[in-house]
Amino acid sequence: MSDKKIAFVCLHGSAKSLIAAEYLNRRARERGLPLHATTSGPEPDAEVPANVIDGLLRRNIDARNRRPERVSAEGLADAVHVVSFGCDLAGLAPPAAAIERWDDCPAVSDDFDVAWNFITARVEKLVGRIGGPP
């Protein structure tokens, strides 16, 4: 059985979607679930911001070698679920994918911990729906 791809998309592909993808990948590994997450954005940053790297490192997630990627139809093509943080994905998301919007997510640049708590709570619910009970 192949992994189900969950694609997270935020404007710069370097904060909200990166936190969500890294956390989902951790939870899937911990629970032995056939899920994996990706991160991208329509206006990718050149690098992951220092506050995101530091916040993730405090939670034992090392994203120092991650480079934000541009969202594309090809990159989303095999996703079974797409989560957008305020991005219009018309024409990019595959028709068969479930699409969810988390537009009310607090800004990571304002307060990493507040954004982390919001994102990880939503990811936990998503993993429960897609991956099954713990």
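All residue numbers in this chain count up from 1 along the given sequence.
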Less than 4.5 Å apart, any side-chain heavy atom of [X] and any of [Y]?
X	Y	value
Pro42	Leu11	yes
Arg66	Ile61	no
Asp3	Pro34	yes
Phe112	Arg58	yes
Leu126	Phe8	yes
Arg26	Asn60	yes

Looking only at heavy atoms, which two atoms of [X] and [Y] are closest? And how far apart?
X	Y	answer
Ala21	Thr39	CB-CB, 4.1 Å
Ala7	Leu76	CB-CD2, 3.4 Å
Ile99	Ala93	CD1-CB, 3.5 Å
Ala15	Cys10	N-SG, 4.1 Å
Pro106	Ala115	O-CB, 3.7 Å
Ala63	Ile53	O-CD1, 3.2 Å

Nearest-0.5 Å distance, [atom1] of residue [X] to [atom2] of residue [Y]:
X	Y	atom1	atom2	answer
Asp103	Lys16	CG	NZ	8.5 Å
Leu18	His12	CG	NE2	13.5 Å
Ser40	Glu69	OG	CD	7.5 Å
Leu33	Asn25	CG	CG	11.5 Å
Arg101	Leu89	CZ	CG	7.0 Å
His36	Lys4	NE2	NZ	12.5 Å

Could you tell me whether Glu47 atom CD has more than 12 heavy atoms of other residues or ligands within 6.0 Å of it?
no

Verify same cluster id: [X], [Y] (apolar side-chain graph, 4.5 Å):
X	Y	answer
Trp116	Val127	yes
Val48	Ile119	yes
Val82	Ile19	no
Val83	Val80	yes
Leu56	Val114	no

May I have all residue pairs that pass ring pair (Phe, Tyr, Trp, His ring centres under 6.0 Å) and include part of residues 54-86, sequence neighbours excluded?
Phe85-Trp102

Trace of the salt bridge (Lys or Arg N to Asp or Glu O under 4.0 Å) decision for Arg129 with Glu124:
CA-CA 9 Å; Arg129 287 194 321 266; Glu124 286 291 340; over 6 Å; no

Are the side chain of Arg122 and the backbone N or O of Phe118 linked by a donor-acceptor pair below 3.5 Å?
no

